[in-house]
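Notes to accompany the following structure.
Scope of the values below: all heavy atoms of this structure, side chains included, with no hydrogens, waters or symmetry mates. Small disclaimer: the values here were computed from a predicted structure and weren't measured.
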Amino acid sequence: MELVISKWVFAFSLFSWLIFSVAFSVEGLDEDSKVRGVNLGGWLVLEGWIKPSLFEGIPNPDMLDGTQVTFKSVKLQKYVCPENGGGSDISVNRDAASSWETFTLWRVSESEFQFRTVQGQFLSCYGNGCVVSATAKSASSTETFQIERNNDDRVHIKTKSGAYLQATIDNQLVADYPGNPGWDDNASTFEMSIVANNLHGDYQLGNGYGHNKAKEVLERHRSTFIDAGDFEFLHRNGINTVRIPVGWWIAYDPNPPAPFIGGTLKALDNAFSWALAYKIKCIIDLHAAPGSQNGMEHSASRDGTVGWTTSESVSQSLHVIDFLASRYANHPALLGIELLNEPSAASVPLDILVPYYKHGYEIVRKHSPSAYVIVCQRIGNANPIELYQADIGSHNLVVDLHYYNLFDPFFVNLSPIENIRFIYESREPQIHALNDAKGPLVFVGVSPRFSDVISFSDFDSGEWVNEWNVTNGTQAEYQDFGRTQLEVYDAASFGWSYWTLKNDREHWDFEWNIKNNYLQLSKHSEPIYLQLSIVSGTRPFLSCMSHTLIHA
């Protein structure tokens with residue numbers, strides 16, 4: 001038996017919408033509104049999955065910085081392995097490959113590489129006839145090797161002095177192969193398998209192309225990917241804020257350290273000018289910090305490791321915040337500065353992150369008494385309330401919380417209705433609870449990498465996206481899913497921001513969603529009609545209604 005209650009449910013939803021839409025407003029936005037934002041992802045900080053064509057011209061594109069490989073001797077049929085994962089000699093004696101047998105590439109040139117072990121040491125060879133070890137803590141010429149490839153997976157590895165490595169019968173790796181090896185099953189030929197090639201960020205592009213070609217590619221990309229017309233489009237469709245990811249090297253423009261390419265500062269200046277012209281506010285987001293705060297491509301990690309927690313990297317990050325705050329504090333288009341995007345819970349402890357956030361807050365306040373200071377929740381296994389208890393700042397503080405749900409097994413087999421129900425039953429109560437908590441405002445979003453439902457904090461709803469794990473979803477189902485998210489995220493006390501404006505994957509692309517009517521966005525938040533269905537033997541649930549009733 002199913003009972004559908006309509007009039008009072010609509011009245012309740014309208015009342016709730018009025019309460020949560022009017023109760024909060026963001027200083028600096030017109031008409032007592034909250035942030036209705038879009039991220040300009042993939043523009044000034046690269047993410048290869050957003051625009052893969054940027055990387056297509058790189059020689060040996062499957063051997064970028066951070067690529068993970070294994071080597072198997074074709075003569076011995078054994079894998080190359082640093083004992084204990086690094087810190088000792090190399091053996092060629094493993095029947096199968098796992099983490100110890102996997103090396104991470106540091107690219108020196110198109111054909112020259114350094115090999116980093118899982119423990120962080122580099123393979124070294126100090127001259128012809130040397131026994132290769134994995135003891136070096138840093139890399140230079142003695143840790144640099146040339147790879148020769150044939151048309152399949154076979155390779156030769158050669159030292160800088162020209163000696164070829166070979167696997168000896170006593171299972172050592174030695175630089176003493178006589179003459180030039182062929183591609184038969186000799187001791188100097190190895191099968192190279194690419195285990196992972198997941199990093200396609202600014203580091204990989206700059207180092208992959210080399211400075212001159214990378215500069216050409218990025219100048220073209222930065223001048224065409226986002227322009228004034230995009231701000232006009234956003235304004236016309238009711239967007240009042242853009243969140244602009246930047247990398248730490250922007251503070252060293254126009255000549256940042258290699259392999260980063262200058263020009264992002266000029267592009268950011270242009271964005272502020274366009275924003276001012278179309279009455280849009282800007283949030284500057286330190287998306288890529290020195291050393292990488294999460295080991296991902298969007299933090300410009302070289303090899304997937306996290307190196308941000310050193311005192312040098314933290315200090316350098318604060319310098320970047322000071323640079324950005326001093327440059328834009330008095331610009332009328334500035335709404336706020338996000339001190340760091342998505343630090344890793346596994347690698348960034350709170351006793352380093354919170355003091356950084358406090359110092360960053362003070363730096364922004366030194367230049368502006370009113371700009372919003374946004375602090376991002378750690379990603380991974382972290383307590384969502386931890387930043388609310390940190391006493392970071394007292395005025396215009398925002399917490400940006402990101403939830404990762406799209407690739408969680410829980411969502412794999414959910415139907416459209418079950419996805420929508422999850423937002424109402426799980427995310428909506430979280431937003432309202434955080435709105436009621438003492439402390440920062442709430443910013444809602446979905447991760448650009450994982451999607452579904454995202455962040456809640458006192459002022460900011462960092463990222464969300466109109467995509468899910470549903471196969472062959474109809475346009476009407478996408479409309480319902482997007483409408484549901486807009487309704488729920490509109491309750492966040494700071495607002496929300498969609499990831500991202502442009503993307504090769506259609507449903508991640510805000511512009512495509514709007515132009516193709518998959519996401520319906522009005523200039524002002526409107527309540528969504530709900531039905532409360534009571535099914536025999538189950539508890540009540542809310543589901544989104546558009547043109548027709550939706551039944552469980």
Side-chain angles (χ1 to χ4, degrees), residues 29 35-54 201-202 218 220-247 264 267-288 297-298 333-336 338 341-342 374 400 402 443-451 454-455 460-467 478 482 485-486 489 495-523:
L29 295 178
V35 168
R36 294 166 66 83
V38 171
N39 288 272
L40 304 186
W43 184 35
L44 305 185
V45 174
L46 299 181
E47 299 187 41
W49 67 282
I50 292 178
K51 191 176 180 181
S53 61
L54 290 172
D202 284 270
L218 286 180
R220 181 169 58 249
H221 171 66
R222 291 165 181 167
S223 64
T224 58
F225 191 64
I226 302 292
D227 58 26
D230 296 308
F231 281 74
E232 188 276 332
F233 168 80
L234 293 172
H235 173 73
R236 180 162 33 91
N237 284 280
I239 295 300
N240 61 21
T241 305
V242 288
R243 180 173 178 256
I244 309 175
V246 301
T264 57
L268 185 59
D269 285 344
N270 288 338
F272 268 77
S273 297
W274 300 330
L276 187 61
Y278 289 102
K279 298 181 180 179
I280 289 174
K281 294 293 185 178
C282 297
I283 294 171
I284 307 173
D285 158 42
L286 182 55
H287 217 70
E297 65 181 26
H298 59 85
L334 179 69
L335 182 65
E338 185 155 0
N341 179 68
E342 296 184 346
I374 303 168
D400 180 8
H402 294 190
F443 197 16
V444 173
V446 171
S447 165
R449 285 141 297 277
F450 300 91
S451 125
I454 201 163
S455 59
D460 196 7
S461 29
E463 309 159 1
W464 66 276
V465 69
N466 197 32
E467 183 60 299
Y478 271 101
Q485 292 186 93
L486 285 169
Y489 302 157
W496 52 259
S497 185
Y498 191 94
W499 187 277
T500 181
L501 176 59
K502 296 181 179 181
N503 197 308
D504 275 16
R505 302 183 187 186
E506 292 175 342
H507 292 288
W508 294 83
D509 185 307
F510 178 82
E511 184 178 36
W512 182 91
N513 274 273
I514 295 296
K515 289 182 176 179
N516 291 277
N517 201 33
Y518 274 73
L519 186 63
Q520 300 168 320
L521 187 69
S522 64
K523 284 198 173 184

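In this structure, L519 and L486 have side chains that are in contact, with non-hydrogen atoms separated by less than 4.5 Å. Within the 4.5 Å cutoff, the side chain of E511 has heavy atoms near those of the D230 side chain. When side chains are defined from C-beta on, D504 counts as touching P52, because their heavy atoms get closer than 4.5 Å. Looking at heavy atoms from C-beta onward, I284 lies in side-chain contact with F272 at the 4.5 angstrom threshold.
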* Check step by step if side chain to side chain contact (heavy atoms under 4.5 Å, CB included) holds for Y498 and Y489. => CA-CA 11 Å; Y498 191 94; Y489 302 157; over 6 Å; no

* Stepwise side chain to side chain contact (heavy atoms under 4.5 Å, CB included) test for H221 and L46 -> CA-CA 10 Å; H221 171 66; L46 299 181; 3.9 Å; yes

* Any chance you could lay out the ring pair (Phe, Tyr, Trp, His ring centres under 6.0 Å) test for H298 and W499, step after step, and finish with the verdict? => CA-CA 13 Å; H298 59 85; W499 187 277; 7.8 Å; no

* **Residues L335, N240; criterion side chain to side chain contact (heavy atoms under 4.5 Å, CB included); working and verdict** => CA-CA 10 Å; L335 182 65; N240 61 21; over 6 Å; no

* To do: Verify side chain to side chain contact (heavy atoms under 4.5 Å, CB included) between L501 and L234, making sure each step is shown before the conclusion.
  => CA-CA 9 Å; L501 176 59; L234 293 172; 3.8 Å; yes

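Classification of the W512-Y518 ring pair by plane angle, with boundaries at 30° and 60°, yields tilted.
From D400, atom CG reaches atom CG of N341 across 7.0 Å, with rounding to the nearest 0.5 Å. Atom NZ in K515 sits 13.0 Å away from atom CD in E506 (nearest 0.5 Å). A distance of 8.0 Å separates CG of N466 from NE2 of H507, quoted to the nearest 0.5 Å.
Not one N or O on the side chain of D285 forms a donor-acceptor pair closer than 3.5 Å with the backbone of R243. Remark: side-chain polar atoms of Y478 are not paired, donor with acceptor, to backbone N or O of N513 under 3.5 angstrom.
Scanning all heavy atoms of the two residues, the minimum distance from I514 to N237 falls at CG2-OD1, 3.3 Å. Nearest heavy-atom pair across I283 and E338 is CG2-N, 4.4 Å. Residues N503 and T500 approach most closely at ND2-CG2, 3.8 Å, considering heavy atoms. Scanning all heavy atoms of the two residues, the minimum distance from F225 to G41 falls at CE2-O, 3.5 Å. The minimum heavy-atom distance linking I50 with K502 is given by the pair CG2-O, 3.5 Å. When all heavy atoms are compared, the tightest approach of R36 to L521 is NH2-CD1, 3.1 Å.
For A275, the side chain to side chain contact (heavy atoms under 4.5 Å, CB included) partners two or more places apart in sequence, or in a different chain, are F231, I280, C282, A333. Scored by the salt bridge (Lys or Arg N to Asp or Glu O under 4.0 Å) test, K279 finds no partners at all (sequence neighbours excluded). Remark: T264 engages L44, R222, W249, I250, D253 in a side chain to side chain contact (heavy atoms under 4.5 Å, CB included) (not counting sequence neighbours).
With no hydrogens or angles considered, a side-chain donor-acceptor pair links S497 and N39 at under 3.5 Å.
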